[in-house]
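Worksheet: the structure to be examined is printed underneath.
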Amino acid sequence: MTVLAVSALLVLAGCSTDEPSTGASSSPSAGTGSGTGEQSKFFVQADYDKQLALLDAAPTGPAGKPWEQALNPAMVETAKFKKPGPYKICFSNAGLNNPWRQVGFKTMQAEVDTHRGRISKFVHVDAEGKDQKQIADINDLLGKGCHALIVSPNTTATLTPAVEAACQKGLPVIVFDRGVDTACPVTFINPIGGYGFGHVAAEFVTQKMKRGGKVLALRILPGVDVLETRWSAAKLAFDKAGVDVVGVEFTDGDPAKTKKIVNDYIQRYGTIDGVWMDAGAVAGAAVEAFEDAGKPVPPINGEDQLDFLKLWKDKKLTAIAPTYPTYQWRTPIIAALKILDGEQVPNPWKLPQPTITQDNLDEYVDPTMPPLHYAMCGCTDLPDYPRRWK
């Protein structure tokens, strides 16, 4: 089975549309631009400004352990949650339906293994990318005697009431990866976030392509805060640069669909001058579509998935990989134990979000690991590496 076929079985099942994502925005910065449509309803100017400022912030915390570091941390008290161990930690997961989430969960399981004396039971429930299942999962976990609840929401608005209900039960709730529209969790853990990712990628693409050239934007699915804010930041960069965004398409994270979309745009326009993506799992498929059409691969962004990094190196692409590191899957376990010890934790807990460039690409390309592995797993010091991740 080819890498693309394997990827197709793992990708996130999302909503599909041929139209750009649009939404009302009260922000004065939300212009219409050329082909970018209206600004997303998720866009918040103040959050955008904060995230871009964090791109240059120096982290605090243990050197060489970015999953324990924080950017500009504001500490919160957790003494009311202190209790003796060992602990039962419960995790409501949005899904294991793409390579990024699979690598991350393996990393989380390995982190749990390093605390076996303190964690008596780790309960994981997979929502399979379904909001209603995750709501039911959380409700069920509330009756299971969990000492702490970790939630990675499937979508933002729909999961908010379920998270609020969990908070009202008095147990510490830790949200990570994707957020919710409530401040009740003890902490929200993620790297700098979507605005940072989207900005870095869009700035690179616009700087490397000809002014006024044609950009194809490829998105995964609507309604997830980190993905919506990636697009929000990219839209601002594209509008400012005056590029021609000829399409904003949802791929469902499907490599075959991605190749078809890219090929359709090549057939329609002849030349595509830049490709921007809100997630990198299908970046390899986009590259292959240009090669299959006999066209040069334009400036493009992906992520730290190894198939893309290897293509980048082998084909000498003009590329960049802003990241959303899978090492963040370690942090909720560390946070849960700190909270149950009554120690202060940052809220929000913003982790470093490195970028892979041509200058440091060789540091991350590892030919011994599978193509769907993520280079920034932060897992090399964990039990059973590398076998667990192969």
Side-chain angles (χ1 to χ4, degrees), residues 12-17 19-27 29-30 37-48 50-51 90-98 100-101 125-142 149-169 172-198 219-236 248 250-253 278-279 324 328 332 347-350:
L12 185 64
C15 301
S16 174
T17 176
E19 298 297 325
S21 174
T22 61
S25 173
S26 59
S27 168
S29 299
E38 295 179 356
Q39 184 56 281
S40 168
K41 63 183 180 182
F42 282 76
F43 179 75
V44 178
Q45 183 73 49
D47 292 343
Y48 168 85
K50 287 178 183 178
Q51 286 194 21
C90 299
F91 174 36
S92 170
N93 190 359
L96 290 171
N97 41 19
N98 64 49
W100 186 88
R101 303 193 71 81
V125 187
D126 178 4
E128 301 172 359
K130 301 172 184 175
D131 285 346
Q132 294 307 311
K133 185 177 186 308
Q134 189 167 27
I135 291 169
D137 288 345
I138 292 173
N139 289 337
D140 183 61
L141 287 172
L142 295 182
L149 175 64
I150 298 167
V151 180
S152 178
N154 187 54
T155 59
T156 300
T158 306
L159 267 296
T160 295
V163 170
E164 289 178 326
C167 292
Q168 291 168 7
K169 293 294 183 179
V173 178
I174 299 152
V175 172
F176 87 102
D177 167 31
R178 303 165 176 177
V180 285
D181 294 326
T182 176
C184 78
V186 179
T187 185
F188 171 37
I189 299 164
N190 71 342
I192 291 172
Y195 294 118
F197 182 110
R219 303 189 57 198
I220 296 290
L221 78 164
V224 176
D225 59 350
V226 69
L227 300 178
E228 291 285 353
T229 53
R230 287 178 185 182
W231 170 240
S232 294
K235 171 188 160 48
L236 291 179
V248 183
F250 288 95
T251 68
D252 298 344
D278 72 358
Y324 200 59
Q328 69 183 280
N347 183 35
W349 191 329
K350 284 292 184 181

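Cys167 is listed as a side-chain neighbour of Pro185, based on a closest heavy-atom distance under 4.5 Å. Counting heavy atoms from C-beta on, the side chains of Val224 and Phe42 never come closer than 4.5 Å. Counting heavy atoms from C-beta on, the side chains of Phe188 and Val151 never come closer than 4.5 Å. You'll find the side chain of Ile220 reaches within 4.5 Å of the side chain of Asp278, heavy atoms only. No side-chain heavy atom of Asp252 sits less than 4.5 Å from a side-chain heavy atom of Leu221. Side-chain contact check for Val248 versus Lys235: every heavy-atom pair is 4.5 Å or farther apart. Between Ile189 and Lys350, the closest side-chain pair of non-hydrogen atoms is not below 4.5 Å. Between Leu141 and Ser92, the closest side-chain pair of non-hydrogen atoms falls below 4.5 Å.
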**Request:** Please test Cys184 against Val163 for side chain to side chain contact (heavy atoms under 4.5 Å, CB included), starting from the C-alpha separation and ending with a verdict.
**Result:** CA-CA 8 Å; Cys184 78; Val163 170; 4.2 Å; yes

**Message:** Would Ile138 and Leu149 count as a side chain to side chain contact (heavy atoms under 4.5 Å, CB included) here? Give the steps.
**Reply:** CA-CA 9 Å; Ile138 292 173; Leu149 175 64; 4.2 Å; yes

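The main-chain N or O of Val226 is never found under 3.5 Å from a side-chain atom of Tyr324 such that the two would form a donor-acceptor pair. A donor-acceptor pair is defined here as one N or O able to donate and one able to accept, closer than 3.5 Å; no such pair exists between the side chain of Asp131 and the backbone of Asn154. With hydrogens and angles disregarded, a donor-acceptor distance shorter than 3.5 Å links the side chain of Asp225 to the backbone of Gly179. In this structure, the side chain of Glu228 engages the main chain of Gly223 through a donor-acceptor pair within 3.5 Å. Judged purely by atom type and a 3.5 angstrom limit, Asn190 has no side-chain atom pairing as donor or acceptor with the backbone of Gly193. Here the side chain of Thr182 pairs no donor or acceptor atom with the backbone of Thr160 at under 3.5 angstrom.
Under the side chain to side chain donor-acceptor pair (under 3.5 Å) criterion, Gln168 pairs with no residue, sequence neighbours left out. Under the rule for a side chain to side chain contact (heavy atoms under 4.5 Å, CB included), the partners of Lys130 that lie at least two apart in sequence or sit in another chain are Glu128, Lys133.
Note that the OG1 atom of Thr156 and the CG atom of Leu227 stand 9.0 Å from one another [nearest 0.5 Å]. Thr158 contributes atom OG1, which lies 7.5 Å from atom CD of Gln132 (distance to the nearest 0.5 angstrom). Interatomic distance, Ser232 OG to Gln45 CD, rounded to the nearest 0.5 Å: 10.5 Å. To the nearest 0.5 angstrom, Gln328 atom CD is 12.5 Å from Trp349 atom CH2.
Residues Asp181 and Ala157 approach most closely at OD2-CA, 3.9 Å, considering heavy atoms. Nearest approach of Ala94 to Ala127, heavy atoms of both residues: O-CB, 3.5 Å.
Between Tyr48 and Phe43, the ring planes are tilted. Angles from 30° to 60° get that label. In this structure, Phe91 and Phe176 have tilted ring planes: the angle between them lies in the 30° to 60° band.
Inspection of the Thr155 and Arg178 side chains reveals no N or O donor paired with an N or O acceptor under 3.5 Å.
Both cation-pi conditions hold for Arg230 and Phe197: the charged atom is under 6.0 angstrom from the six-membered ring centre and inside a 45 degree cone around its axis.
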